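The structure displayed is predicted, hence computed values, not measured ones. All values below come from the heavy atoms of this structure, side chains included, with hydrogens, waters and symmetry mates left out.
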Amino acid sequence: MNAILVDNSREKMKGTRQTVVFDSNTEDILYLASCIINDIPVSQARMSSFSIKNIYLESHVQKISALIYTAFECGLNGNSQDFISERDKALLKKWEIEQIGSLYREESFNRARESIQQFCEESGIWYMPLKGIVLKEYYPYLGMREMSDNDILFDEKYAVQVHDWFVGHGYTVRTYQHGNHDVYCKNEICFEMHKRLFGTQDGDAFWKYYYDVKDRLLPAQDSKWRFCFRDEDLYVYMMAHAYKHGCGEGVDLRMLLDLYLFVRAQKDELDWEYIERQLTALKLADFGCRMKRLTECIFLPGFSPESMDDESRDFLEEIIVSGTGGIVENRVENRLQALKWEQAADGVKAAYVLKRLFPSVRFMREFYPFCRFPLLLPVAYVYRLARQSILNTTNLIAEFKTLIKK
């Protein structure tokens, strides 16, 4: 990832992903999203031309199915549905049930989060809710911002106590003391408890910038132990998080909506000079400028493909996640591209294999704490290889096949 974090991020990111065709389904999803967030009626004439099945599938890939269903529901309310086939009506009914489930899921997430936050308050553990927990408040309706888990940054000195609390409350431990966050799940509720916002695998610039992040946090008004970003720092973090995904499996439309709705809510109150300085420190100034321009282009009222300039269209195709591109394939392609920036192209595959087999010592110490004792480092490498071979066989085979094709 280190090679990716350079000033000319446009050239570095371009070409690292499989190209996403800007087809009618993407256009229709962007149109529906623009309508619902800007309170604009959906055109009945346009709805009659929709492929409901394709929009349903793509909206799930983009993690905005609840939002797009709400737009559909508003467009159909009180209007004729004669143009909808029986099969599509059945699909819409299924979609409606999913939407109800999304509302229930958010309420369940909220109750579970209140419990762990109460524990942190009573135990004197500072913490900060992240991502969807904060950003869902900027969406027009309850349950519209989908969440796969609860993300919370907390004081890592209390990782053992937090672990014991989750175990004591019936959660299954998915990961613990392995990387920059621990994962706990119970039924449909999952928590990612972050000890740091970025790990060593995310590159030196991100890792160093956010290592002592507590120093730039603000105390929440109604809590002694809960903290939050100032608005400008939240925007910078959102941009860094989007870039991380853009260099991996890709950015989804939910991330772009998060950015647009957050900035819109702040109106003219953000300190853009401060934001630009921070993005420059992270070597994301160009990426940030392009992301802001893109979100304004695709989510402002009256979106149409013709309103997009070539640069925004190309950028959308470079970064957006696609249902047609596999996550493993995209990751391999991006890792190879990063290595090409570091060295001659003829040795890229060998370097790729070497780095995958033997990550940096700092990476190993973060993900396998026992190898902080130097003599145990060789054991950690062997353990990692054996563990991944057993638990991640399918992805490793897919990765090997993809590498051979490159």
Side-chain angles (χ1 to χ4, degrees), residues 1 63 102 105-121 123 125-137 145-203 206-207 209-211 213-214 217 220 225-229 233-234 236-252 254-255 258 321 327 331 363 366-369 391-392 395:
M1 178 73 76
K63 299 179 182 178
S102 179
R105 182 181 177 86
E106 180 169 333
E107 181 58 30
S108 299
F109 271 42
N110 291 342
R111 289 197 302 269
R113 187 170 61 254
E114 288 172 0
S115 296
I116 181 60
Q117 290 183 173
Q118 182 179 352
F119 169 73
C120 290
E121 295 282 350
S123 304
I125 303 172
W126 72 259
Y127 66 97
M128 179 173 69
L130 298 169
K131 302 178 185 177
I133 300 173
V134 177
L135 298 171
K136 65 184 178 68
E137 303 301 328
R145 204 284 185 182
E146 297 175 26
M147 294 168 55
S148 54
D149 45 45
N150 278 299
D151 291 271
I152 298 176
L153 178 70
F154 74 106
D155 188 345
E156 67 175 310
K157 294 196 301 290
Y158 295 91
V160 174
Q161 290 90 327
V162 169
H163 167 274
D164 293 345
W165 183 91
F166 275 108
V167 172
H169 285 76
Y171 284 81
T172 299
V173 181
R174 291 285 180 86
T175 61
Y176 176 59
Q177 294 186 338
H178 185 80
N180 61 303
H181 63 263
D182 300 327
V183 181
Y184 306 96
C185 297
K186 181 168 67 173
N187 300 326
E188 63 173 7
I189 307 299
C190 281
F191 281 86
E192 285 193 3
M193 300 299 294
H194 295 255
K195 293 166 285 188
R196 290 170 298 280
L197 292 178
F198 291 93
T200 56
Q201 74 277 13
D202 299 315
F206 284 7
W207 187 80
Y209 183 89
Y210 284 104
Y211 186 79
V213 71
K214 175 67 162 47
L217 302 184
W225 298 101
R226 188 171 80 249
F227 287 77
C228 61
F229 277 125
D233 285 322
L234 175 56
V236 172
Y237 170 66
M238 292 167 65
M239 201 63 71
H241 185 250
Y243 188 81
K244 171 186 172 181
H245 279 268
C247 294
E249 58 265 31
V251 172
D252 51 56
R254 185 185 64 180
M255 289 185 187
D258 287 346
V321 66
I327 291 177
R331 285 176 177 168
F363 173 93
E366 179 175 332
F367 281 84
Y368 304 94
L391 300 180
N392 204 23
N395 282 343

Heavy-atom check, side chain of [X] versus side chain of [Y], under 4.5 Å:
{"X": "Trp165", "Y": "Ser115", "value": "yes"}
{"X": "Leu153", "Y": "Lys214", "value": "no"}
{"X": "Tyr176", "Y": "Val160", "value": "yes"}
{"X": "Asp233", "Y": "Val213", "value": "no"}

Distance from [X] atom [atom1] to [Y] atom [atom2], nearest 0.5 Å?
{"X": "Lys195", "Y": "Gln177", "atom1": "NZ", "atom2": "CD", "value": "6.0 Å"}
{"X": "Tyr158", "Y": "Ser123", "atom1": "OH", "atom2": "OG", "value": "8.5 Å"}
{"X": "Asp151", "Y": "Arg113", "atom1": "CG", "atom2": "CZ", "value": "10.5 Å"}
{"X": "Asp258", "Y": "Met238", "atom1": "CG", "atom2": "CE", "value": "5.0 Å"}
{"X": "Phe119", "Y": "Asp164", "atom1": "CZ", "atom2": "CG", "value": "8.0 Å"}
{"X": "Lys244", "Y": "Phe206", "atom1": "NZ", "atom2": "CZ", "value": "9.5 Å"}

Problem - Donor-acceptor contact below 3.5 Å, side chain Arg105 vs main chain Met147 - result: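 Yes, the answer is positive, given that a donor and an acceptor are paired below the 3.5 Å cut-off.
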Practice item. Give a yes or no answer on whether the side chain of Asp252 reaches the backbone of Met255 with a donor-acceptor pair at less than 3.5 Å. Key: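 Side chain of Asp252 to backbone of Met255: a pair is present.
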Q.
Classify the ring geometry of His245 against His241: parallel below 30°, tilted from 30° to 60°, perpendicular beyond 60°.
A.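 Ring orientation, 0 to 90° scale: perpendicular.
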**Prompt:** With under 30° as parallel and over 60° as perpendicular, where do the rings of Tyr210 and Phe198 fit, or are they tilted in between?
**Reply:**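 Rings of Tyr210 and Phe198: tilted, 30 to 60°.
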I need the minimum non-hydrogen distance between [X] and [Y], along with the two atoms involved.
{"X": "Ile125", "Y": "Trp225", "value": "O-CB, 3.6 Å"}
{"X": "Gln117", "Y": "Pro129", "value": "OE1-CG, 3.6 Å"}
{"X": "Phe229", "Y": "Leu234", "value": "CB-N, 3.6 Å"}

Any salt bridge between Glu106 and Lys136, counting N to O under 4.0 Å?
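So Glu106 pairs with Lys136 through a salt bridge.
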Next item on the list: Carefully, step by step, assess Tyr127 and Ile116 under the rule side chain to side chain contact (heavy atoms under 4.5 Å, CB included).
Entry: CA-CA 10 Å; Tyr127 66 97; Ile116 181 60; over 6 Å; no
Checklist entry - Centres of the Tyr184 and Phe166 rings: under 6.0 Å? => result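 Close enough - the centres of the two rings lie under 6.0 Å apart.
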Distance-only donor-acceptor pairs under 3.5 Å for side chains of residues 186-193, two or more places apart:
from	atom 1	to	atom 2	distance (Å)
Lys186	NZ	His169	O	2.8
Glu192	OE1	His194	NE2	3.4

Given side chain to side chain contact (heavy atoms under 4.5 Å, CB included), test His163 with Asp182 step by step and report yes or no.
CA-CA 8 Å; His163 167 274; Asp182 300 327; 5.9 Å; no
